[in-house]
There are 2 protein chains.
Amino acid sequence: MGYPRQFTSLVAQISKFPGVSRRGAERIALFLLNLPEKQADLLIKSIAAAREKIRRCENCFNLSSGDLCAICSDDARDPSTLCVVETAKDIAAIERSREYKGLYHVLLGKISPLAGIGPEELTIEHLIRRLKGGDIKEVIIATGTDVEGEATANYVARVVSEAGISVSRIAYGVPMGGPLEFVDEMTLGRAVKGRRRINSGD
Amino acid sequence: MGYPRQFTSLVAQISKFPGVSRRGAERIALFLLNLPEKQADLLIKSIAAAREKIRRCENCFNLSSGDLCAICSDDARDPSTLCVVETAKDIAAIERSREYKGLYHVLLGKISPLAGIGPEELTIEHLIRRLKGGDIKEVIIATGTDVEGEATANYVARVVSEAGISVSRIAYGVPMGGPLEFVDEMTLGRAVKGRRRINSGD
């Protein structure tokens with residue numbers, strides 16, 4: 001009661017969006033109702049266009065508008081280094097850091113026995129084929145730091161080692177730009193274990 | 001770099017949704033990409049249908065699919081009591097409590113001098129016309145508890161008093177269902193000031 005049927009239906013669908021509560025869905029639905037005609041048309045067309053045009057890169061499973069994604073088809077990238085991530089969002093995050101010039105491989109998830117996701121549900125089979133291609137000299141693993149991310153990193157590390165290729169993991173430690181007192185103990189422990197010698201004169 | 005153009009454009013539009021961060025917009029955009037065809041169609045049609053069918057009730061400015069909203073056209077509601085709220089979302093919240101059987105009036109906002117919103121930007125003119133209609137015997141004000149909500153309550157209370165109609169405000173106090181230690185001091189102060197005598201035997 002209180003809301004028209006069409007509004008309740010819209011709110012129900014928006015509450016399924018990730019990270020959006022029922023209350024947040026009501027706010028977003030009201031926002032969509034009040035959106036100027038032109039912007040509403042653009043939004044609807046953008047959803048349709050993105051769904052129609054965007055697929056997975058055949059090489060690395062990044063989001064792509066062609067057979068190969070913008071990174072795999074860029075000749076300036078170093079094809080001897082491969083960074084393994086869980087999702088395409090992680091690629092965007094690493095690209096923003098501008099520290100990495102190699103290629104990527106998106107696993108499309110992480111190993112999670114509780115959710116019924118084993119290695120065969122991920123793109124590891126395809127990763128092994130890429131490793132056998134011969135171009136790749138180093139693999140950098142950049143999975144998450146939760147239990148599933150750790151398990152996935154361990155599994156991928158073994159697969160890469162077995163292929164006789166050098167494997168490393170990005171450094172996990174204290175984040176930049178804040179006082180140490182706010183850093184949790186897990187992160188601090190990891191930062192101490194991963195300490196690096198300072199060469200005077202550096 | 002990293003994302004196809006169509007994806008970046010979709011993310012930019014979703015980041016304008018209220019309460020959605022850039023990172024949240026990326027997650028929602030990925031969710032929309034992976035949505036099964038049928039659900040995506042339904043979502044797009046629901047947005048269009050809601051925008052086409054839903055308007056404001058001519059009487060109380062609640063969301064409505066006809067000239068009058070479901071509440072104003074319900075004969076079982078008590079037309080002598082009027083509850084004044086800021087937005088249609090507040091109606092939905094009060095309806096969920098099942099404690100109120102009267103009608104509503106949506107102000108479509110709150111008085112906010114800093115944002116350039118005075119009483120004339122709200123539906124107060126229309127409220128005064130309703131008060132003059134003669135049916136309404138009591139007005140209950142249920143605006144927010146921020147500074148603007150308080151100012152709006154004071155303004156509406158004066159308008160209603162000047163029309164010679166009884167006016168009250170919903171009780172503000174300690175929320176139900178939790179220990180007192182987590183209640184902030186403003187709320188506790190308000191709860192003490194608004195204390196009610198207990199009749200033994202109640």
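Just so it is clear, the model here is predicted, and its values are computed rather than measured.
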> Heavy-atom pairs under 4.5 Å with chain B are the metric here; pick the option from A/Gly66, A/Gly24, A/Ser65 that has the most.
A/Ser65
> Using non-hydrogen atoms only, which part of B/Lys45 is less than 4.5 Å away from chain A: side chain, backbone, both, or neither?
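No part of it gets close to chain A.
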> Using a strict cut-off of less than 4.0 Å between a Lys/Arg side-chain nitrogen and an Asp/Glu carboxylate oxygen, indicate whether B/Arg129 and B/Glu58 qualify as a salt bridge.
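Here B/Arg129 does not pair with B/Glu58 in a salt bridge, since their nearest N and O are not under 4.0 Å apart.
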> Please rank A/Ile14, A/Leu42, A/Asp41, A/Val20 by heavy-atom pairs under 4.5 Å with chain B and give me the top one.
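Option with the greatest count: A/Leu42.
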> Would you sort out whether B/Leu122 and B/Val156 count as a side chain to side chain contact (heavy atoms under 4.5 Å, CB included), showing the intermediate values?
CA-CA 11 Å; B/Leu122 307 180; B/Val156 171; over 6 Å; no
> Checking side chain to side chain contact (heavy atoms under 4.5 Å, CB included) against A/His105, which of A/Ile91, A/Asn62, A/Leu127, A/Asn59 comes through?
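Filter result, single survivor: A/Leu127.
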> What is the ring orientation for A/His126 with A/Phe61, classed by angle as parallel under 30°, tilted 30 to 60°, or perpendicular over 60°?
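Geometry flag for A/Phe61 against A/His126: perpendicular rings.
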> Can you tell me which of B/Lys53, B/Glu52, B/Gln6 forms the most heavy-atom pairs within a distance under 4.5 Å of chain A?
B/Gln6
> Relative to chain A, which segment of B/Ser9 carries a heavy atom at a distance below 4.5 Å: side chain, backbone, both, or neither?
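For B/Ser9, side-chain heavy atoms alone lie under 4.5 Å from chain A.
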> Check whether B/Arg5 gets within reach of chain A through its side chain, its backbone, both or neither, counting any heavy atom under 4.5 Å.
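B/Arg5 has no heavy atom closer than 4.5 Å to chain A.
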> Can you say whether B/Leu35 sits under 4.5 Å from chain A via the side chain, the backbone, both, or neither, judging by heavy atoms?
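The answer is both parts of B/Leu35.
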> Under a 4.5 Å heavy-atom cut-off, does chain A meet the side chain of B/Ile54, its backbone, both or neither?
side chain
> Measuring heavy-atom distances to chain A, does B/Glu37 have an atom under 4.5 Å in its side chain, in its backbone, in both, or in neither?
both
> With a 4.5 Å cut-off on side-chain heavy atoms, are B/Asp90 and B/Tyr104 touching?
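In short, these two side chains do not touch, never coming nearer than 4.5 Å.
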> For B/Lys110, which of B/Thr87, B/Asp146, B/Ile117, B/Thr143 qualifies under side chain to side chain contact (heavy atoms under 4.5 Å, CB included)?
B/Asp146
> Relative to chain B, which of A/Lys16, A/Arg27, A/Gln39 shows the most heavy atom pairs under 4.5 Å?
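Top count of heavy-atom pairs under 4.5 Å with chain B: A/Arg27.
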> Once rounded to the nearest 0.5 Å, what's the spacing between atom CG of B/Asp74 and atom CD1 of B/Ile71?
8.0 Å
